[in-house]
Amino acid sequence: MSALILALVAGAAVGLALGGLGGGGSVLAVPALIYLLGFSPVAATTASLIIVAATSLTSLLAHARDGHVRWRAGLLFAAAGIVPAMLGGLAARDIPAPVLTTAFSVIAALAAWRMLRPGRSTEDSSVQPARAAGAGAGLGAVTGVLGVGGGFLAVPALVGALGLRMKAAVGTSLLVITINSVAALATRTGTADGLDWAVIAPFTGAAILGAWDGKRLAAKLSGNGLQRAFAYVLLVVAALMLIDSLI
């Protein structure tokens, strides 16, 4: 199968995850770029940030038009997480890859378990700045160490810590992902040289189109159904990454 077809298929899957679930883009994009398209880990993470930032921004605009973005909570989350994410990225250099992979799988599984627990049925309309900032800083530190955009953790954090309903958490997480991805790209200017744009461009285009389909899919599901679907995706990702770390 040609690299172009692989890029289109993988991009569509990433877009569906971001548009429908508000996260999972980097979790899907990085392995696809490494194992299917032959990118090095450094190039894959940089390319993933480009793809996820463009796709998240496009999907964010669509969710915002439907009133599913809580701007204050999202901006507090993103602002509080930028510095911890950078510090976490520096710390990750000294952590062995198997340890990082195992930690990633454990955190993903815990996030899924929390999403499957019965939650609050009503949304807390008054976001507490301290609570939002604390959760955002913790999220930034974790995602900085693990080297992903953080959407798969942002959604459970927005639901569990701030009491947002699932559809609002999905839309708001896209704001967090966009800001964090752009901030991370600013620290990776030296790793952008030599990227294969013949792969990244179609990958990104397919992801943007897939995000629109993901949004339409999300509109047809109930909040509880979407939440459970997201949790099951996290469990699959956690299991696959744990197996990979043990082999």
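Across every non-hydrogen atom of A53 and V182, the tightest pair is CB-CG2, 4.4 Å. I51 and A207 get closest at one heavy-atom pair: CG2-CB, 4.2 Å. For A3 against L37, the heavy-atom pair with the smallest separation is O-CD2, 3.5 Å. Nearest heavy atom pair, residue T204 against residue A54, reads CG2-CB, 3.8 Å. Taking all atoms of both residues into account, the shortest heavy-atom contact from A211 to S59 is CB-CB, 4.1 Å. In terms of heavy-atom proximity, P202 sits nearest to A7 at CG-CB, 4.4 Å.
Between the CG atom in L195 and the CD1 atom in I200 there is a gap of 4.5 Å [rounded to 0.5 Å]. Distance check: T178 OG1 to L61 CG gives 8.5 Å after rounding to the nearest 0.5 Å. The CG atom of L57 lies 10.5 Å from the OG atom of S181; values are rounded to the nearest 0.5 Å. Interatomic distance, L158 CG to F77 CZ, rounded to the nearest 0.5 Å: 4.5 Å. How far OG1 of T55 is from CD1 of I50: 11.0 Å, rounded to the nearest 0.5 Å. I179 contributes atom CD1, which lies 6.5 Å from atom CD1 of I82 (distance to the nearest 0.5 angstrom).
Side-chain atoms of S173 come within 3.5 Å of backbone N or O of V170 as a donor-acceptor pair. For the pair T172 (side chain) and R70 (backbone), a donor-acceptor distance under 3.5 Å is present.
Residues passing the side-chain contact (heavy atoms from CB on, under 4.5 Å) test with W212 are T58, A62, R65, I208, R216, sequence neighbours excluded. Partners of D196 by side-chain hydrogen bond (donor to acceptor under 3.5 Å, both in side chains), not counting sequence neighbours: none found.
In this structure the side chain of S56 reaches within 4.5 angstrom of the side chain of V52, judged on heavy atoms. Between F203 and V14, the closest side-chain pair of non-hydrogen atoms falls below 4.5 Å.
Within the hydrophobic cluster formed by Ile, Leu, Val, Met, Phe, Trp and Tyr side chains joined at under 4.5 Å, directly or through other members, L8 is accompanied by L4.
A continuous path of ILVMFWY side-chain contacts below 4.5 Å connects L36 to L33, so both sit in one hydrophobic cluster. Hydrophobic clustering (side-chain heavy atoms under 4.5 Å, transitive across Ile, Leu, Val, Met, Phe, Trp, Tyr) groups I177 together with L75. Cluster annotation: I243 and V106 are assigned to distinct hydrophobic clusters (Ile/Leu/Val/Met/Phe/Trp/Tyr, side-chain heavy-atom contacts under 4.5 Å, transitive).
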